[in-house]
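Read the structure below first, then the notes.
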Amino acid sequence: MGADLQDALYKNPEAPIADRVDDLLARMSLEEKLGQMMQLPAIDEGYETYIEKYHLGSYLHALGDTIVQLRRRNAEKSRLGIPLIFGIDAIHGHCFEDGSTVFPTQLATACSWNTELFGRIGEITAQEAYGAGLDWTFSPVLCMARDPRWGRTGETFGEDSFLIGEYAGALAAGYEGAGVPFAACAKHFAAYGEAEGGRDSTDVHVSERNMRTVFLPPFKKVLDAGCKTLMVGYQSLNGIPCSANTWLLNDLLREEWRYQGVVVTDWNNCGQMVNLQSAASDIEQAVELCLEASNDVFMNTPEFFDCAVALVRSGKVTEERINQSVRRILHLKFSLGLFEAELQRDKAEHWQPERWQVSEEASRQSITLVKNDGTLPLVANRLNKVLVVGDNAKNLVNQLGDWAFLANKVNNVDHRTVVVTLEQALRERSVRGGYRLDYLGADYCGPLNNEAPNRFAIEEAARDVDAIVFCAGDDLTQYGEYHDRANLSLPGNQSAVFDLLVETGKPIVTVMIMSKPHTIGWVLEKSAAVMIAFNPGPFGGSAIADCLFGDVNPAGRLPISFPVTVGQLPVFYNQAPGWHAQLSPKYDKTDHYVDAPPESLLAFGEGMSYSSIVYGDAQIMASKAANACSLKVNIKNTSARAAVEVVQLYARWCIPGVTSPVKNLIAFKRIELQADTGFDVEFELNASDFVVLDRRLHWQQYTGGLVLLVGSSSRDRDLQVLHWQFS
Ligand code: NOJ
């Protein structure tokens, strides 16, 4: 960098960011501008040379000393001293770095119904990733998981738009409000989870009404709150690749929503328009189309550089269009203080071991009990022998889930010495509790074991046991990007082993360590108790054991419905009802296949504890504020054990000429109740909060009747129904 630049306005940290951006932009060559619009992986051969070759603005997937080396190289080579920005997929903690805190997956923590917890997770992740040299995480994931065949279901907060918005808002605020300069990224814009048949990144067909009422609100909420960046999905939306979708990115995002943050494509969205989607005849055309839509940063499309130079030189793309993106990118870099930052950060200052306790708390809050015939909680001194069965009780990789390991390096367990598996936790307890514990692991039962079960070994092991803990689920190789499943039954020999366990007649406590819902109807029916843990994080084993023995009263609630069978999909709770011929003798007042039950196997919002929580009669009355009401319901913990109850409020409205879902979650409260105490839970509802999309796709203040449903899950039988009229 030339000495004459030391006095340049853009170098002055006191100057307003907008002035610094203008000053710097005016000094940049076209090539330097285009380099800012590129993000390339720091894993390719020769990745460091991208700095000179492309005047590169950003790397992803860089870790450790590589970051410092790249920052140094860039400081030497960048004519104008424009800093690099480093992005990473720290989506449930900065899981790739030894010593940093790993949390349960997004879906697992979503069972907590605790938004504050997500805020704290965001802060810790930001502080640790920042300390490790990173500036930007590609999180939160706002995709909606309404088809669990989709391999990325576990990366989501579940199936509900409102709940996703609440969680994502808290997580993004945590990242960006952690006291260190750090950027969040709301992804994948938009409706990526609606991939046809759950097949990752296939075309998505969603009406504008559904986009605006279901898929876009969580994004709007997070972006309005200031989230600095947004990632565009791989897939097409109604036939147009999202990165080239001018309706989505220009008309809606930039014009209507006035979003000024940085938009990054997903991994080579641009190239795949040519290679796979057949949406551009060559890469230059793809780049042109993506520039027409308002993408700012092109992730892993190295051809972008030459194509964009050619497009600007030929006049097909204006330099002003390039300037628009570069302004946004420079603004981000200035706002993160990157121009003033040290090349190396002090890791120690940002990494504190006590943060692992937050992870442990997240594991505890995420465990969801969905059945208990009284077998749980286990009482150690009443046990002589317990048999634990299943690979996932001891499989560290499956316990942590996706994005916890560097690609292809799942054996790199350096910083995972803290992990406590279920087998380990139960073994430790057996020593303390004086009972014997036997374990039949991967050689006998597991998602990757396709051998016929060893009947003899199972019968022998189950002899004389007081209880069997059956730990089932899926394996990391069976989910994640491009790892969708057509069949959601338990993989490998787990179902066959379960049948043999049932034959023993011993009480079976099933624990599901899995990325997403499976069709576990038979397991649910034949188990004495069932706990859903999803990928419960490093302390998942001890958290589950704490719940099994009642040291922790389970409090999780499912953020996603489980189907009875795959053919029953979709089973998300807030569907619109169909029209049925009430006059037909065959009509039985429910909406279902003739060969599958009407209800999901496990419902959104469902979960139980060891306490009994009694709901009083809910009441609704006008509030002092105009056109507002307050809904009150008393909940009472009638047991001798402290508990957590998640009181859920759903609503149904009637918009003239529009079909409405049977119910939508509109509020919830997570209440801690001491033993034998009651609490009045109150929800305030203002007419102004109810803005609905009318028949002509205009937002309108809602007037009219409201059906309110309050209770402990989305199931009708768990809800009380009240009515209110807004004028
Ligand atoms: C592709 C994934 O779809 C996205 O979620 C991720 O952030 C990027 N790759 C970067 O790793």
Side-chain angles (χ1 to χ4, degrees), residues 38-44 47 57-63 66-67 85-97 105-107 125 129 134-145 150-157 164 168 171-172 175 182-195 198-204 218-219 222 227-237 241-243 261-273 275-277 295-302 304 401-409 476 479-484 515:
M38 295 175 70
Q39 180 177 62
L40 292 172
I43 46 179
D44 306 344
Y47 63 83
S58 177
Y59 279 102
L60 78 160
H61 296 171
L63 290 172
T66 304
I67 298 178
I85 183 166
F86 287 86
I88 195 80
D89 289 283
I91 80 166
H92 53 113
H94 176 33
C95 305
F96 303 126
E97 200 93 26
T105 53
Q106 206 171 280
L107 188 65
T125 305
L134 294 147
D135 312 299
W136 182 15
T137 180
F138 303 128
S139 168
V141 177
L142 282 78
C143 302
M144 214 158 285
W150 185 39
R152 304 189 73 172
T153 298
E155 292 178 50
T156 75
F157 295 112
I164 291 172
L171 189 54
Y175 291 139
F182 198 71
C185 182
K187 73 182 187 186
H188 307 83
F189 199 57
Y192 173 48
E194 286 292 283
R199 283 175 290 125
D200 190 23
S201 80
T202 53
D203 207 357
V204 160
F219 281 99
V222 171
C227 182
K228 290 184 162 67
T229 77
L230 172 94
M231 187 187 293
V232 186
Y234 287 135
Q235 92 290 358
S236 294
L237 176 63
C242 288
S243 281
V262 167
V263 171
V264 58
T265 73
D266 202 342
W267 186 272
N268 199 19
N269 280 5
C270 204
Q272 301 302 50
M273 284 174 61
N275 307 333
L276 292 172
Q277 291 167 322
N295 301 280
D296 298 317
V297 175
F298 288 67
M299 183 193 289
N300 197 34
T301 304
F304 169 82
D402 208 0
W403 296 105
F405 303 91
L406 295 176
N408 309 320
K409 284 196 186 159
L476 183 58
Y479 57 92
E481 275 188 58
Y482 313 120
H483 286 70
D484 316 303
S515 68

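Computed from a predicted model, the values in this text were never measured in an experiment. Start at 1 and go down the list; that is how both ligands and their atoms are numbered.
- The aromatic rings of Tyr192 and Tyr234 stand perpendicular to each other, their planes meeting at an angle above 60°, with 30° marking the opposite boundary.
- Using a cut-off of 4.0 Å between Lys/Arg side-chain N and Asp/Glu carboxylate O, Asp89 and Lys187 are scored as salt-bridged.
- Among residues two or more places apart in sequence or in another chain, the ring-ring contact (aromatic ring centres under 6.0 Å, His included) test is passed with Trp136 by Phe138.
- Every protein residue with a heavy atom nearer than 4.0 Å to ligand 1 is included here: Leu60, His61, Asp89, Phe138, Arg152, Lys187, His188, Met231, Tyr234, Asp266, Met299, Trp403, Glu481.
- Remark: Asp402 engages no residue in a salt bridge (Lys or Arg N to Asp or Glu O under 4.0 Å) (not counting sequence neighbours).
- By the salt bridge (Lys or Arg N to Asp or Glu O under 4.0 Å) test, Asp266 pairs with no residue at all, sequence neighbours left out.
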Q: Would you please test Tyr175 and Ser139 for side chain to side chain donor-acceptor pair (under 3.5 Å) and show each step?
A: CA-CA 9 Å; Tyr175 291 139; Ser139 168; 2.6 Å; yes
